[in-house]
Amino acid sequence: MHEQYQPREIEAAAQSLWDAQKSFEVREQPGKDTFYCLSMFPYPSGKLHMGHVRNYTIGDVIARYQRMQGKNVLQPMGWDAFGMPAENAAMKNQVAPAKWTYENIAYMKSQLKSLGLGIDWSREVTTCKPDYYRWEQWLFTRLFEKGVIYRKNGTVNWDPVDQTVLANEQVIDGRGWRSGALVEKREIPMYYFRITAYAEELLQSLDELTGWPEQVKTMQRNWIGKSFGADIVFDYDEASVGEAGQLKVYSTRPDTLMGATYVAVAAEHPLAQRAAANNPELQAFIAECKAGSVAEADMATMEKKGLATGQFVVHPLTGALLPVFVANYVLWGYGEGAVMAVPAHDERDFEFANKYGLPIKPVYKKIFIKDQPRGERNPEDQEEHVDPAQWQEWYAWKEHLVTINSGKYNDLYFDGAFDAIVADLEAGDHGARKTQFRLRDWGISRQRYWGCPIPIVHCDSCGDVPVPEDQLPVTLPEDVVPDGAGSPLAKMPEFYECSCPKCGKPAKRETDTMDTFVESSWYYARYASPTYEQGMVDPQAANHWLPVDQYIGGIEHAILHLLYARFFHKLMRDEGLVSSNEPFKNLLTQGMVVAETYYRPLANGGKDWFNPADVEVERDAKAKVIGAKLKSDGLPVEIGGTEKMSKSKNNGVDPQAMIDAYGADTCRLFMMFAAPPELSLEWSDAGVEGASRFLRRVWRLAQSHVSAGLPGALDTGSLNDAQKEIRRAIHLAIKQASQDVGQHHKFNTAIAQVMTLMNVLEKAKAESEQDRALLQEGLETVALLLAPITPHICHALWEALGKDGLIIDAAWPAVDESALVQDTLTLVVQVNGKLRGEIQVPAAASREEVEATARANENVLRFTEGLAIRKVIVVPGKLVNIVAN
RNA sequence: GCCUGGGUGGUGAAAUGGUAUACACAGCGGACUUAAACUCCGCCGCCGCUAAAACGGCAUACGGGUUCGAGUCCCGUCCCAGGCACCA
């Protein structure tokens, strides 16, 4: 064993041994428990960033821990290789996206290997390769024939200068990112996955996902957004509209229909179009509604504007005429493209009504009633105006709402009003109860080059014809450099000119590609049989490994990716490819990696961002940060706060520099120790130094222990008190680290336990053979507990400690409960909840004995003097609280 | 705007409703060293009292509430972050 800790040599040796022995290549082993540990695969953007390192370290720790539990562990890796950044890089550097992507993959793969991840590289999957996407195209054609995929118009951001469709990200303050032109909304035909047909199941089966964070399930539930309401039909007022007809709206609040004072329609709605025909003002407003991006955040934060059409519709219950407005916040393509407005009970409608002087008619009032089942009015009910202070004391009185100003529907609670009004609408054929979802069908057409071609041929005679299986894949040419104006494929006759698979006549191939979320929706299943050529997945292999036991990835994927993957799994299930209902049994969502930002304001109002590595932080005597200056010129810079590491803020720290300087183990240890996985992690150079220091301490202790020769076996029956304390520390660490790693994935506290154990072991005597045998047990424990986190150093320690076999094949240590037993316990004593002293009691002491000892405590007597003791609360093993006044 | 989280020392953080600040980092003091690095030892929330301690008071974003006891549960407010369907 070398005297100094030399991470470079140790890590290279361990990694080449694992490589040579194919230690992490797995195959199906019937009868052995499987554990499929999956981290979200990276987009090959160039080099690894800190988020990747964190994500894959967490996954690797879990995978290695499960292996030590005796499981057959599958941990694969691949590349989410299609996407926009490759096209942007291509335009900037005049390189084809394919070349750029493959070079990035090669470099990032070498980086991942240097981290020492226990990955089965024989299963590597790359989504931009035809042997992967051909199966995506195959499934597409099956689903198209089944009607799960269909074509309709959708709204996109249109850059009128570049003549191209823009992603939401490419629209900055309503303008195209390259041209600077004002963006418009435009309708184009697109293909859609009918995800809404699975809305109910996607909602219901969230309940089965007991291994998912509640937070993520709540977000998905709200996203799917099941609501109970009614369609409500308003007849056109023929005099003002000029023709007969009906306007349909959906509302979750038909109970407030009596308070509706106007209706609002989208700019594209037929009523709006008709009214605009000879109304230039309305035409201008409709044009204005088309400006801006399609992003919902933009729509929701923009100023709510509207314009009266001069048209009216008839209230289905009262016969009153309600004015029809065109409003920019009503979206065509969401529901009916029209809403009824109840200003008294909806904040947005209230604001709008005030702005345009529309009537506001309340149909509910507050009452306070004695708490009892809803629907039963109590003769003692209080009408409004109960003093809130008084009300809080009368806890039995609860606030409820009952209808007013609603004619025959007066004096009802929500349910009663809802039912009565919907019943009348149904009877009058002007509405119907309806359950609706907020979830919309998934539009997957992209007018881009670097994506999976949509396998459809457009034939003048036969319509949209899916490409037959024997003509798949539709291969994407890999030597194209896009120019940012429209889709390159649409300008390549050699790509789109073809003949109809049905009738053989000349036809045109679809030139749109698929949303890259499609590839990432099923890669986890392909890993089970990555080279299978007879189908999308080998059902036998897929069912052996799936569902994924542990999925790990960023919280930013809580909705879209995770919902699409769940949807795809159900599609594959319904194709007979997999037998499970859900793809991911347990989910761990990691927080972001953030770092401080530094900048200097520029004359043009912008900011010049400096990398933390180039900045020197100034502190006061108490080490509080008081300023920062640039290392190169020594002049001050502004501190911009901690943010997600990004190119735009120039606060990224390259993980490679850390790996090169300290080694993979230090890097992994720091990442796991700095914060629990779910929290965001702040970058700290000093923290890395600390992690490195700890590993050197472990190495030094092991080295001095081993250099004196390995001791004989430990005799646990003849330990002195000091040795018992040390052995207790060893097994306490095992117990707590096992819980932290195995159950809660709190690697930071598990590491803290091992650090505490190291503090004990370093102070332990190493004189007698028994001392040294105990130290041997302690060091073996440290190596085993750290093995998943810092696998290289532990690999070397295991060998140095004279153990047979590799530590990757060793079992996770077991707790010896007898080592944890204590004779006396320390309890704290409180008086009225305030800490007043400590007492020592025998572990077996009765409640009475504990109470008596507590009451006899000097400080307790001081604080209870002159007071009557009302109550004594004894929490076994913890504390005594004496209540006195 | 809507949905979901978060806010604890100088910093990262810890705490099944039961001793708030474990474990680290930074800082300060000391030992070792020709010197430095490494390493080791000690101190380290704020305030009061004190020669020093003992001791006491106050602190978990802010304001209320429930409880013998609240960082943790409930109500309200503020701030920060993630997502919002074409970034991945």
Side-chain angles (χ1 to χ4, degrees), chain A residues 40 42-43 45 80 83-85 154 156-157 165-171 213-216 218-219 221-223 225 293-302 304 329 347-348 392 439-448 515-517 520 554-561 563-564 589 591-592 594 619-625 641-644 673-676 678-691 693-694 696-697 700 746 748-749 751-756 759 762 826-830 832-835 838 859 862 870-873 875 878-884:
Chain A
M40 289 180 186
Y43 176 78
S45 54
D80 187 13
M84 229 171 38
V156 295
N157 302 309
V165 175
L166 297 177
N168 284 334
E169 191 194 49
Q170 298 171 315
V171 180
E214 217 43 62
Q215 173 194 3
V216 174
T218 305
M219 282 194 261
R221 273 189 202 105
N222 292 341
W223 185 261
S293 92
V294 297
E296 187 180 314
D298 293 340
M299 310 285 286
T301 49
M302 71 187 176
K304 310 290 177 290
Y329 65 87
E347 228 170 291
R348 189 180 62 183
Q392 284 195 350
L439 182 69
R440 311 198 298 265
D441 278 338
W442 176 16
I444 54 123
S445 293
R446 299 290 180 269
Q447 298 67 45
R448 273 182 242 295
D515 182 359
T516 56
F517 271 124
S520 56
I555 183 67
E556 66 271 21
H557 297 290
I559 295 177
L560 292 181
H561 162 62
L563 188 67
Y564 291 146
T589 46
M592 299 170 306
V594 298
R619 295 167 187 277
D620 66 9
K622 287 189 169 180
K624 197 167 188 171
V625 173
T642 31
E643 297 194 41
K644 182 174 172 174
F673 180 60
E678 291 85 356
L679 256 59
S680 61
L681 183 153
E682 187 170 347
W683 177 252
S684 149
D685 283 323
V688 180
E689 190 59 53
R693 187 179 308 153
F694 175 71
R696 289 200 301 269
R697 274 172 59 200
R700 206 164 44 237
K746 297 200 70 171
N748 57 329
T749 50
I751 292 165
Q753 293 303 328
V754 180
M755 287 176 168
T756 307
N759 290 341
E762 280 179 328
T826 303
L827 302 188
V828 297
V829 186
Q830 300 179 329
N832 291 330
K834 282 191 186 286
L835 180 67
E838 274 187 6
N859 215 28
R862 196 151 73 83
R870 301 287 173 203
K871 201 166 161 187
V872 178
I873 288 147
V875 182
K878 287 262 162 118
L879 61 69
V880 180
N881 186 15
I882 295 167
V883 185

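Values reported hereafter were calculated over all heavy atoms of this structure, with side chains retained and with hydrogens, waters and symmetry mates removed. The sequence lines fix the lettering, A, B, ..., with proteins before strands; numbering per chain opens at 1. From a predicted model like this one, the values you see are computed outputs, not experimental measurements.
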> Under the side-chain contact (heavy atoms from CB on, under 4.5 Å) criterion, do A:E678 and A:Q215 qualify, and how do the steps go?
Replying inline: CA-CA 11 Å; A:E678 291 85 356; A:Q215 173 194 3; over 6 Å; no

So which nucleotide does [N] pair with, by the Watson-Crick or G-U wobble rule with both distances under 3.5 Å?
N     : result
B:C68 : B:G18
B:C58 : B:G45
B:C87 : none
B:G82 : B:C3
B:A52 : none
B:A24 : B:U11
B:C32 : none

Mind checking [X] for me? I need base, sugar-phosphate or nothing, with any heavy atom below 4.0 Å counting as a touch.
X      : result
A:M592 : sugar-phosphate
A:P42  : nothing
A:S680 : sugar-phosphate
A:V883 : sugar-phosphate
A:L439 : base
A:A295 : sugar-phosphate
A:Q170 : nothing
A:T301 : base
A:H561 : nothing
A:R348 : nothing
A:V872 : nothing
A:V754 : nothing
A:R862 : sugar-phosphate
A:A558 : nothing

Write down the distance separating the [atom1] atoms in [N] and [M], rounded off to the nearest Å.
N     : M     : atom1 : answer
B:A26 : B:C75 : C1'   : 40 Å
B:G1  : B:C49 : P     : 48 Å
B:C38 : B:U19 : P     : 38 Å
B:G30 : B:C80 : C1'   : 42 Å
B:A22 : B:A15 : C1'   : 8 Å
B:G27 : B:U11 : P     : 15 Å
B:A36 : B:A24 : P     : 26 Å
B:G76 : B:G82 : P     : 25 Å

Using every non-hydrogen atom in the two residues, find where [X] and [Y] come nearest and quote the distance to one decimal.
X      : Y      : result
A:H561 : A:S520 : CE1-O, 3.0 Å
A:G443 : A:D515 : O-OD2, 4.4 Å
A:V165 : A:R448 : O-NH1, 4.0 Å
A:T516 : A:D80  : O-OD1, 4.2 Å
A:N157 : A:S293 : OD1-CA, 3.2 Å
A:N881 : A:G833 : OD1-N, 3.0 Å

Within the pair [X] and [N], is there a side-chain N or O less than 4.0 Å away from OP1 or OP2?
X      : N     : result
A:T516 : B:A88 : yes
A:K834 : B:U19 : no
A:R440 : B:A85 : no
A:R700 : B:C40 : yes
A:N157 : B:C86 : no
A:K746 : B:A15 : yes

> Between A:N168 and A:R693, which has a closest nucleotide on RNA chain B that is more 5'?
Replying inline: A:R693

>> Heavy-atom nearest nucleotide on RNA chain B for A:L679 versus A:W223: which residue maps closer to 5'?
In response: A:L679

> Quick one: does A:Q447 reach the base of B:C86 with a side-chain donor-acceptor pair under 3.5 Å?
Replying inline: yes

> With a 3.5 Å cut-off and just heavy-atom distances, do the side chain of A:N881 and the base of B:C68 make a donor-acceptor pair?
Replying inline: yes

> When rounded to the nearest 0.5 angstrom, what is the spacing between CE in A:M219 and CG in A:L560?
Replying inline: 11.0 Å

> How long is the span from the CD atom in A:Q753 to the NZ atom in A:K746, to the nearest 0.5 Å?
Replying inline: 11.5 Å

Which of these nucleotides, [options], is closest to any side-chain atom of [X]?
X      : options             : answer
A:T218 : B:U4, B:C68, B:A88  : B:U4
A:M84  : B:C87, B:C86, B:G82 : B:C87
A:E169 : B:G82, B:A85, B:C87 : B:C87
A:A167 : B:A85, B:G1, B:C86  : B:C86
A:F673 : B:C86, B:A13, B:C23 : B:C23
A:E556 : B:G18, B:A85, B:G82 : B:G82
A:I555 : B:U16, B:A13, B:G82 : B:G82
A:N759 : B:A24, B:A85, B:U19 : B:A24
A:L835 : B:U4, B:C23, B:A20  : B:A20
A:E296 : B:G18, B:G56, B:C84 : B:C84

> Any idea if B:G9 is syn or anti, going by the 90°-from-0 cut?
Replying inline: syn

Rounded to whole Å, how long is the line connecting atom [atom1] of [X] with atom [atom2] of [N]?
X      : N     : atom1 : atom2 : answer
A:D515 : B:C87 : CG    : P     : 9 Å
A:I559 : B:C86 : CD1   : P     : 13 Å
A:R446 : B:A88 : CZ    : C1'   : 12 Å

> Step by step, would you call A:F694 with A:F673 a side-chain contact (heavy atoms from CB on, under 4.5 Å)?
Replying inline: CA-CA 11 Å; A:F694 175 71; A:F673 180 60; over 6 Å; no

